[in-house]
Amino acid sequence: MFLKIDNINKTFTSEAGNNEVLKNVHFDIKENEFVVIFGPGQCGKSTLLNIIAGLEKESSGNVYLEDKKVTKPGPDRAVVYQNILLFPWLTVMGNVEFGPKSRGIKKSIRQKDAQEYIDLVGLNGFEKSFPVKLSGGMKQRVGIARAYCSKPKVMLMDEPFGALDAQTRYLMQEEVVRISAHEKRTVLFVTNNIEEAIYLADRIIVMTNCPSTIQKEYVIDLPRPRDYTSEEFLRLRQEISSIVEFTR
Amino acid sequence: MKRLKINKFRVISAVTLCVFVLVWYLVTAVFGLFPKTMLPSPDSVFFSFIKKLTSTVPDGGTLFEHIFASLVVALTGYVIGVGVGLPVGISMAWFRPVDHFVRPVFDFLRTIPGIAWIPIFTVWLGIGLSAKAAIIFVGVFVGTVVNVYSGIKQTNEVHIWVAQIFGASKIEILKRVAIPSALPYIFTGLRVSLGMAWLGLIAAELLAAQKGLGYMIQVARNFGRSDLVIVGMITIGIMGALLTLALEFVERRVVKGI
């Protein structure tokens, strides 16, 4: 199996008591599969992604990437965050070429490569701009280009469009579909937006709220690009919404 | 609109300055409230300034010679202090063993003001360039280390994560994340240290020197030449401002996007 999430449990311990956020989370992802983790609430999903990224330690269980246990962050797993986290002191080009530069790739080669991804996300002409000059959507594009450019085996996307306005969000969803058609990657995408999940996913994993555990899986085989208003789309939306327990 | 506003505030600043000089002029030249040896009038200070550009009376040097002497001392101490302070501060902040190794001595030395070193340095090194540069070095070194240290320490943890995710090593993260993100703090340190350098210099020259702005003031005081004392003070202020401006110019070139 390409990426194996093997029975992960996570409990945060603090003076206030134990907070169990992940419970028996167990699933596999095939190579080049676009998997969306969908669930209500603020509990567990980002933690799961951080565990896969190697930034956080699981309480029990294992993560295997190509049968190798994940223990620490590495360039085979790139992360795109909601609050983007570009390096503000670097230009767009500097941010996108950060990964390849860390791997010691020659300047001429890595910049040519970075330029391709900058073009791919539609930021041609902004190579020398600093992040502070860019809009939220543009920053997120840089984040995506940076992640792709480091040639990870898995892309981990943590509610990447959560901070964008609705219009930009739709636009970015279309972009992601276009980019992943152009360049196949294994993607694990976390969202609490049901439409976004159905629009993007090969497979949706629905998670419950605190502690998060897998409730149900849906394989979405609608042709792309998908139509938010098609009968099938709306039926899926209705079905998934009906099983999700929203808590106040 | 914004431009207009800035200009308006500039005008206010200019008015303040004019009022200050005017009041000074009134209480001295017009009403004569102060004897000339206590507070000379602004115009007499101005003429003394012009005269001092070429005159070597009473201290054996023209104004430019004093400025030059002071600059050489200040910049020598400053450059060495920054040159040593930067790597020490960065290593202390980034490598824990270095921190524990250096900190006890550093914490003790930093509590001693730079000018408190004057007597011992004059005993060791005389009253030449090296003694004064050493006094300045101490102040600059401490100021640089403290600011650089806290700058590096405040590196955003998630930026470090992101760098790790993209495969950067610890040294690379220092070079490409911690130092660039600390640049504003580092420049604050450089600016504060520049002030300290100038301060230390004048103090050192007041006590032990044969040339320099502080020395010029001291001699003028002994001769009862208040006009020259004020010329010296104004020159010190102007030079300090110019040095700060030069540093800010460099900062704007180096610090971008933050």
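The chains referred to below are lettered A, B, ... by the order of the sequence lines, with proteins before strands, and numbering in each begins at 1. In what follows, every heavy atom counts, from backbone to side chain, and hydrogens, waters and symmetry copies are set aside.
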For this session: Using a cut-off of 6.0 Å, state whether more than 12 heavy atoms not belonging to K153(B) lie near its atom NZ.
Result: yes
Exercise. For R77(A), is it the side chain, the backbone, both or neither that has a heavy atom under 4.5 Å from a heavy atom of chain B?
Worked result: backbone
Problem set entry | Residues, nucleotides or ligands: over 12 heavy atoms within 6.0 Å of K69(A) NZ | yes
Exercise. How far apart are the C-alpha atoms of F98(A) and V162(B), what are their side-chain angles, what is the distance that settles it, and do they pass the side chain to side chain contact (heavy atoms under 4.5 Å, CB included) test?
Worked result: CA-CA 10 Å; F98(A) 191 94; V162(B) 172; over 6 Å; no
Exercise. Where on Q164(B) is there a heavy atom nearer than 4.5 Å to chain A: the side chain, the backbone, both, or neither?
Worked result: both
Exercise. So do F166(B) and R146(A) actually touch side chain to side chain, heavy atoms under 4.5 Å?
Worked result: yes
Exercise. Out of curiosity, L55(A) CG to I165(B) CD1, how far, rounded to the nearest 0.5 Å?
Worked result: 4.5 Å
Exercise. If you draw a 6.0 Å radius around CZ in F101(B), do more than 12 non-hydrogen atoms from other residues or ligands fall strictly inside?
Worked result: no
Seminar exercise, completed: Checked P75(A), S150(A), G54(A), A147(A) vs chain B; the most non-hydrogen pairs under 4.5 Å come from P75(A)
Problem set entry | Crowding at NZ, K170(B) (>12 non-hydrogen neighbours, <6.0 Å) | yes
For this session: For atom NZ of K107(A), decide whether the heavy atoms of other residues, nucleotides or ligands shown that lie under 6.0 angstrom number more than 12.
Result: no
Problem set entry | Residue K101(A) versus chain B: region with a heavy atom under 4.5 Å | both
Seminar exercise, completed: To the nearest 0.5 Å, atom CG of L86(A) lies from atom NE2 of H159(B) at 7.5 Å
For this session: Would you confirm whether W89(A), through its side chain, and R176(B), through its main-chain N or O, come within 3.5 Å as a donor-acceptor pair?
Result: yes
Exercise. Considering only heavy atoms, which portion of V177(B) lies under 4.5 Å from any heavy atom of chain A: side chain, backbone, both, or neither?
Worked result: both
Exercise. If every non-hydrogen atom of S102(A) is compared with every non-hydrogen atom of A168(B), which pair is closest and at what distance?
Worked result: OG-CB, 3.7 Å
Exercise. CD1 of I115(B): more than 12 outside heavy atoms within 6.0 angstrom?
Worked result: no
Exercise. More than 12 heavy atoms of other residues, nucleotides or ligands under 6.0 Å from CZ of F95(B): is that the case?
Worked result: yes
Exercise. Considering only heavy atoms from C-beta outward, does the side chain of W161(B) approach that of V79(A) to under 4.5 Å?
Worked result: no
